[in-house]
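Sequence lines set the chain letters: A, B, ... in the order given, protein chains first and strands last, and positions in each chain run from 1. From a predicted model like this one, the values you see are computed outputs, not experimental measurements.
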Amino acid sequence: MRRGKSSCFFFARRPLFVMHDIKTIRAGAAAFDAAMARRCLPDASGPLLTLDAERRAAATAQQDAQSRRNVLAREIGQAKRTGADTVSQEAEATALRGEMERLDRRSAELDAELRTALGALPNVLDADVPDGTEEADNRELKNWGTKRAFEFPARQHFELGEALGLMDFERAAKIAGSRFTILHGALARLERALGQFMLDMHTLRHGYTEVSVPALVNEAAFFGTNQLPKFAADSFRTTDGRWLIPTAEVPITNMVADDILPEAALPVRRTALTECFRSEAGSAGRDTRGMLRQHQFRKVELVSVAHPDQSDAEHERMTRCAEAVLEALEIPYRRMLLCAGDTGFGAARTHDLEVWLPGQGMWREISSCSNTRAFQARRMGARFRAADGKTVAHVHTLNGSGVAVGRALIAVLENYQQADGSVRVPEVLRPGMGGMEVIRRSA
RNA sequence: GGAUGGGUGGCCGAGUGGUUUAAGGCAGCGGUCUUGAAAACCGCCGAGGGUGCAAGCCCUCCGUGAGUUCGAAUCUCACCCCAUCCGCCA
């Protein structure tokens, strides 16, 4: 695969219309414009449909020429066998070639133009997503647990970690730069125990299959889960043209790319614990203290590939799976339905789970569960064959954090801290901590 | 990194320039026969797109991309991937 002139190679093997279905837009231009308006985007259907009409006219002309060429080639072939004269057919076919080159090029250009235009547009939001452009417009759907009453000033996670001597930002900066953290001893183990605990819960109790996946993926995968074309700057790219995953959603979801799954195989539920890498390009200066916003962090990801009729139920189920982690850890959280402006590019509907951080005195996101409906499935060509054996349709894909391990560690530290700066280990993590009940400063 | 051999439909597999408009087989689906089943036999059996009210007709796809040719699964070039061996490495 060549870079440089790669503008569209990630579309190469995919069915003609990915991302948004141009046929749907043709049938309901006003509805599509209204959907984009909710994303604060201007009407898109006009230019798209003009382009579409041109593209179809070009395709028809190209195919007519191809058809004629095929007829001539067949005639020449038959004539040669009988030794008949083929001069006039060959002359016509030769003359056709120049014309065909022009038509091919025109058709390919219009195709690429339309794909580029469609690929840059975000998903259509669900009807019940609240309007709004900022965090304050998100709607709280649920509030679980009780904030603990502290008889001392609650400290932030980095104050606790550094006082324990188990969290080292200076050395991390020395070897890697800002937005990295070195954990020592019990905190390193706590991170491991958290990841292990979450994976076990999702695999043993929630029916997810654990997968171990590449953390480095190709460009087609990045397009499939909509990191491209719009969010290239948010991720790290390797010198050989691959990308470091910002979330395991990318490799896990792309596992079904180009597949036609039997309906009976749905839903597919997979989970993985991976490192995640983010450039945090747009967030300079935000959350610079501590390990809340890192270039590298671990996360347990949940991915479901569902029948379109089942994706709403699957979304609720997935959100519950993430919530179950926080409930087991006994950390207060609330479930937010994101407003239009806060909902990500690829999502139709997103639930964020926010945990209470007493040291910071704020609710902070620890999980985000999205139903992308057929948006990603169209981009990556993920389909299923209905039980009737005939109908082929796009699956719905969903992804959610179950949950972010680094932030879960922060939440444990702040919620389980004690007056002397030690931290109790939540019951459910004690087996993974070798029975340790309290994390203290080591001598 | 070097060498060699490979990439053909859900799977196996034939195919070295024109009746390939991708043989044949397996699996699957429907039917005949049967009390039922098996066997046998018959038929169906990829995706995307264009056009049309529809039936249908047409185009594209044999790893990817370019090229040669009136015509490419088949010839040429580059690249990707897989297997095996060597080197290196966890």
**OP:** Rounded to the nearest angstrom, tell me the gap between atom CG in A:D104 and atom C1' in B:G50.
**Re:** 14 Å
Original post:
Does anything in residues 64-74 of chain A pair up under side-chain hydrogen bond (donor to acceptor under 3.5 Å, both in side chains), and if so which pairs, sequence neighbours excluded?
Top reply: A:R68-A:E92
Subject >> Separation of B:C79 P from A:N218 CG (nearest whole Å) >> reply: 19 Å
Original post:
Rounding to a whole Å, what distance do you find between A:D258:CG and B:U64:C1'?
Top reply: 13 Å
Original post:
Quick one: which of B:G46, B:C70, B:G50 gets closest to the side chain of A:R56?
Top reply: B:G50
**OP:** Output all residues satisfying side chain to side chain contact (heavy atoms under 4.5 Å, CB included) with A:L187, sequence neighbours left out; order by chain, then residue number.
**Re:** A:L166, A:M167, A:L183, A:L190, A:L413, A:I439
**OP:** Provide the distance between the two P atoms, one in B:G30 and one in B:C45, to the nearest whole Å.
**Re:** 15 Å
Original post:
What nucleotide among B:A47, B:G49, B:G18 has an atom nearest to a side-chain atom of A:K80?
Top reply: B:G18
Please set out all donor-acceptor pairs under 3.5 angstrom arising from side-chain atoms of residues 261-273 of chain A, sequence neighbours excluded.
residue, atom, partner, partner atom, Å
A:E263, OE1, A:A387, N, 2.6
A:R269, NE, A:E314, OE2, 2.7
A:R269, NH2, A:E314, OE1, 2.9
A:T271, OG1, A:E301, O, 2.8

Original post:
Say you pick atom P in B:G18 and the same atom in B:U32; how far apart are they, in whole Å?
Top reply: 43 Å
Original post:
Does any donor atom in the side chain of A:T397 or A:Q376 lie under 3.5 Å from an acceptor atom in the other side chain?
Top reply: yes
Original post:
Any side-chain N or O of A:R383 less than 4.0 Å from the OP1 or OP2 oxygen of B:G48?
Top reply: yes
Original post:
Which part of the nucleic acid, if any, lies within contact of A:A93, taking any heavy atom under 4.0 Å across all strands shown: a base, the sugar-phosphate backbone alone, or nothing?
Top reply: sugar-phosphate
**OP:** Ignoring backbone atoms, test whether A:R55 places a side-chain nitrogen or oxygen under 4.0 Å from the OP1 or OP2 oxygen of B:G50.
**Re:** yes
**OP:** For B:C70, take OP1 and OP2 only and decide whether either is under 4.0 Å from a side-chain N or O of A:R97.
**Re:** yes
Original post:
With a non-hydrogen cut-off below 4.0 angstrom, is A:L72 in contact with a base, only sugar-phosphate, or nothing?
Top reply: nothing
**OP:** May I ask which nucleotide in the shown strands pairs with B:C45, Watson-Crick or G-U wobble, both distances under 3.5 Å?
**Re:** none
Original post:
For atom C1', what is the distance between B:U4 and B:C89, given to the nearest Å?
Top reply: 22 Å
**OP:** Could you check how far CZ of A:R385 sits from P of B:A27, rounded to whole Å?
**Re:** 19 Å
Original post:
Side-chain contact, heavy-atom cut-off 4.5 Å: A:V425 with A:Y416?
Top reply: no
**OP:** Give a yes or no on whether a salt bridge exists between A:R278 and A:D234, defined as a side-chain N under 4.0 angstrom from a carboxylate O.
**Re:** no
Original post:
Looking only at atom P, what distance separates B:U64 and B:U60, rounded to whole Å?
Top reply: 15 Å
Subject >> Separation between the P atoms of B:U69 and B:G2, rounded to whole Å >> reply: 33 Å
Original post:
Taking only residues two or more places apart in sequence, or in another chain, which ones meet A:R373 in a side chain to side chain donor-acceptor pair (under 3.5 Å)?
Top reply: A:D126, A:S311, A:D312
**OP:** Look at the aromatic rings of A:F345 and A:F231 and report parallel, tilted or perpendicular, splitting at 30° and 60°.
**Re:** perpendicular
**OP:** Look through every strand shown and name the nucleotide pairing with B:U51 as Watson-Crick or G-U wobble, where both distances are under 3.5 Å.
**Re:** B:G56
Original post:
B:C88 pairs with which nucleotide, Watson-Crick or G-U wobble, both distances below 3.5 Å?
Top reply: none
Original post:
With sequence neighbours excluded, what pairs up with A:E113 under the side chain to side chain contact (heavy atoms under 4.5 Å, CB included) test?
Top reply: A:L51, A:L110
Original post:
Does any nucleotide pair with B:A78 by Watson-Crick or G-U wobble geometry, both distances under 3.5 Å, and what is it?
Top reply: B:U64
**OP:** Pick the P atom in B:A23 and in B:G10, then give their distance to the nearest Å.
**Re:** 14 Å
Original post:
Roughly how far apart, to the nearest Å, are B:U19 and B:U35 at atom C1'?
Top reply: 49 Å
Subject >> Rounded distance in Å - CZ (A:R115) to C1' (B:G49) >> reply: 10 Å
Original post:
For the pair made of CZ in A:R105 and C1' in B:A66, what is the distance, rounded to whole Å?
Top reply: 14 Å
Subject >> Atom C1', compared across B:G71 and B:C75: separation rounded to whole Å >> reply: 13 Å
Original post:
Tell me: CD of A:E54 to P of B:G50, nearest whole Å?
Top reply: 15 Å
Between the protein and nucleotides 53-60 of chain B, which nitrogen or oxygen pairs come in under 3.5 angstrom?
residue, atom, partner, partner atom, Å
B:C58, O3', A:S67, OG, 3.4
B:C59, OP1, A:N70, ND2, 3.1
B:C59, O3', A:Q66, OE1, 3.1
B:C59, O2', A:Q66, OE1, 2.4
B:U60, OP1, A:R69, NH2, 2.8

Subject >> Along RNA chain B (nearest heavy atom to each residue), the more 5'-positioned of A:T60 and A:G77 >> reply: A:G77
Original post:
What is the distance from CD1 of A:I260 to C1' of B:C11, rounded to the nearest Å?
Top reply: 15 Å
